[in-house]
Amino acid sequence: MPIGAAIALVLGVRSARSRRRRRHRRSDDRVILFGAGRAGSLLLRSMLADPDERCLPVGLLDDDPGKHRQRVHGVPVLGGRADIGTVLRRTGAGTLVFSVANAGADLVRDVRERTVAAGAAFKVVPSVTELVDHPVAVDDIRDVQVADLLGRHQIDTCLDAVGGFLTGRRVLVTGAGGSIGSELCRQIHRFHPGELIMLDRDESALQATQLSIDARAGIDDPSIVLADLRDAAHLRQIFRTHRPEVVFHAAALKHLALLQRFPGEAFKTNVLGTLNVLAAAEGVERFVNISTDKAADPTSVLGCSKRVTERLTAWTAARMPGTFLSVRFGNVLGSRGSVFTTFTAQIADGGPVTVTHPDVTRYFMTVQEAVHLVVQAAAIGRDGEALVLDMGEPVRIAEVARQMVALRPHPVDIRFTGLRPGEKLTETLFGAREVDERPFHPLISHVEVPPLSAADVTRLDPDGSPEDTVEGLAELCRC
């Protein structure tokens, strides 16, 4: 037999065996993809090229009628959302993978409910902001999380603008061990800074951030700096030694209820600590103070302390060369101290899940989405202003609780406890006299901030009575 014919015969036998294996795969290996767009196409290609054949794609679904009866990489588009149950039964697929990289909450929930009702497993691929450094692949498929059920934000980032002020620069991040700070470090690292200096007072959290960037890094790495914002002399020494050109100031105390009880601690860390960092930052090219939506018309100690930092940053902008600005955004899903973390612990303990009020709403983003916009805002922000990130539509906290409970196999009670001191029923992103202007980016607003001098701030005694400290902080917010 000629060599060419022998090779063709062997390949034909292998192909036939492979087809037989695929036909007899278990139902939980057979998958339907919902979403025939770019993310679905990339995922499908990854599945078909997977040498381990972990998933067998037997069809796609998409709500665009123009894609129906088409084929993507040879796999047919079998219908839309309304056909989920029928297609799952007809194909014998045991799993539906939601492959729309950016989708609203209603779509994610509806597709999940239809999939579960049909008796199939529901999986998702990460959002675009989670996949910042690689295209979607079969390894990215994961279980649904509450962040998926609250919707995904389309984040358009101008990488050229970002790279222009981070690449090759010495960048320092305070609070590098925290949820926001650690994600800042990971995203900044992708832009190849000349040096990334990570500063925190929590040594374990600091090392965890370092290892998330480089698993081979040692604790003697000079980019790791253990320091407390309250130590002004040490901060000045750190800035003299490392000479950062860009600073992201993310370190802060953020637990609203605890800070309401201990306002002096909020003042010492959030206000005086920020003042120490600002004073040490003389000579930096760009300083970004991470603020919160609670700083808009603040009613809590947390909100007041962060509003004061915005005003101190604006005051510094008028005194020092370089660009000093603040970035303001709302709650971050999965951050330490967030309702997501609290609800997770309560559900694991069997409940009840405690919600302050049935109508309380908050703005939410994933940490990746928030930091993606923070980095973009830092690139376009102007001296002395606050940039306000568009957080989408506010979400009812009770709905977050219901969605998280729905992901569990056993029922968990939800209990309403009443609003706490200083807590708003609804948060706002803008103060009463602030104007929403978006001159450079559709998701980033620019607002003016009235300056507040260091001399005005340091007159407040943080070791006085809590009542006096609360009133003093409130007074510093008025202008």
Side-chain angles (χ1 to χ4, degrees), residues 153 155 173-175 178-181 183-184 247-254 256 259 266 270-271 274 277-278 286-317 323-333 335 337-338 361-367 369-395 422 424 426-452 473 476-477 479:
H153 296 76
I155 307 296
V173 178
T174 73
S179 308
I180 302 297
E183 182 62 24
L184 269 168
V247 174
F248 287 87
H249 174 45
L253 298 178
K254 299 165 187 169
L256 187 145
L259 296 188
N270 292 1
V271 177
T274 297
V277 179
L278 286 167
R286 189 162 288 260
F287 183 102
V288 182
N289 170 49
I290 304 299
S291 188
T292 169
D293 59 349
K294 293 172 178 61
D297 289 339
T299 59
S300 64
V301 167
L302 170 59
C304 287
S305 67
K306 297 302 285 183
R307 176 58 172 170
V308 172
T309 68
E310 291 182 357
R311 298 191 64 188
L312 285 171
T313 302
W315 174 74
T316 305
T323 301
F324 289 74
L325 58 102
S326 296
V327 177
R328 184 191 300 169
F329 55 91
N331 297 272
V332 173
L333 280 168
S335 63
S338 72
T361 63
R362 294 291 181 266
Y363 291 95
F364 282 102
M365 267 187 168
T366 67
V367 65
E369 291 167 342
V371 169
H372 217 59
L373 273 180
V374 165
V375 174
Q376 173 71 82
I380 64 176
R382 298 171 296 199
D383 213 17
E385 64 185 5
L387 284 79
V388 185
L389 306 188
D390 187 328
M391 303 288 292
E393 294 300 316
V395 176
K424 298 177 181 178
T426 59
E427 295 286 3
T428 58
L429 294 173
F430 301 93
R433 288 181 284 180
E434 293 177 340
V435 179
D436 181 357
E437 295 181 349
R438 309 186 184 198
F440 304 121
H441 193 287
L443 297 180
I444 302 174
S445 304
H446 298 241
V447 298
E448 294 183 2
V449 178
L452 177 69
L473 276 168
L476 290 172
C477 293
C479 55

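One-based numbering along the sequence shown. Any value given below was found using the heavy atoms of this structure, including those in side chains, with hydrogens, waters and symmetry copies removed.
Scanning both residues, Ser305 and Leu302, for their nearest heavy atoms gives OG-O, 2.8 Å. For Ser300 against Gly422, the heavy-atom pair with the smallest separation is CB-O, 3.3 Å. Nearest heavy-atom pair, Val449 versus Ala314, reported as atom, atom and distance to 0.1 Å: O-CB, 3.6 Å. Here the closest heavy-atom approach between residue Ser179 and residue Val367 is recorded as O-CG2, 3.5 Å. Minimum heavy-atom separation, Pro298 to Gly303: CB-C, 3.4 Å. In plain terms, the two heavy atoms of Ala296 and Thr428 that are nearest each other are CB-O, 3.6 Å.
Proximity of Leu373 to Met365: side-chain heavy atoms (C-beta onward) are separated by under 4.5 Å at one or more points. Counting heavy atoms from C-beta outward, Phe329 and Ile180 have side chains that approach closer than 4.5 Å. Side-chain contact between Asn270 and Val301 is absent, with no heavy atoms from C-beta onward closer than 4.5 Å. Counting heavy atoms from C-beta on, the side chains of Phe248 and Val374 come closer than 4.5 Å. Between Gln376 and Leu443, the closest side-chain pair of non-hydrogen atoms is not below 4.5 Å.
By the side-chain contact (heavy atoms from CB on, under 4.5 Å) test, Thr299 pairs with Lys424, sequence neighbours left out. Judged as a ring-ring contact (aromatic ring centres under 6.0 Å, His included), and not counting sequence neighbours, the contacts of Phe287 are Phe324. Considering only residues two or more places apart in sequence or on other chains, Thr292 meets the side chain to side chain donor-acceptor pair (under 3.5 Å) condition with none of them. For Asn289, the side chain to side chain donor-acceptor pair (under 3.5 Å) partners at least two apart in sequence or on another chain are Thr309, Ser326. Residues passing the side chain to side chain donor-acceptor pair (under 3.5 Å) test with Thr274, sequence neighbours excluded: His249. By the side-chain contact (heavy atoms from CB on, under 4.5 Å) test, Thr323 pairs with Arg286, Leu325, Asp383, sequence neighbours left out. Every residue two or more places apart in sequence or in another chain that forms a side-chain contact (heavy atoms from CB on, under 4.5 Å) with Val447 is listed here: Arg328, Ala386, Val388, Phe430, Glu434. Applying the side chain to side chain donor-acceptor pair (under 3.5 Å) criterion to Glu385, with sequence neighbours excluded, gives Arg382, His446.
Judged as a salt bridge (charged side-chain N to carboxylate O under 4.0 Å, His left out), not a single pair has a partner in residues 371-381 (not counting sequence neighbours). Within the structure, the salt bridge (charged side-chain N to carboxylate O under 4.0 Å, His left out) test picks out the following pairs touching residues 292-306 (sequence neighbours left out): Lys294-Glu427.
Judged by distance alone, with hydrogens and angles left aside, the side-chain atoms of Arg311 form a donor-acceptor pair with the main-chain N or O of Pro451 at under 3.5 Å. A donor-acceptor pair is defined here as one N or O able to donate and one able to accept, closer than 3.5 Å; no such pair exists between the side chain of Ser291 and the backbone of Val327. Between the Thr174 side chain and the Ala251 main chain, a donor and an acceptor come within less than 3.5 Å of each other.
Taken to the nearest 0.5 Å, the CG atom of Asn331 stands 7.0 Å off from the CE atom of Met391. With values rounded to the nearest 0.5 angstrom, His372 atom NE2 is found 12.0 Å from Leu184 atom CG.
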task: Kindly indicate, with the supporting measurements, whether the criterion side chain to side chain contact (heavy atoms under 4.5 Å, CB included) is fulfilled by Arg438 and Asp390.
output: CA-CA 10 Å; Arg438 309 186 184 198; Asp390 187 328; 3.0 Å; yes
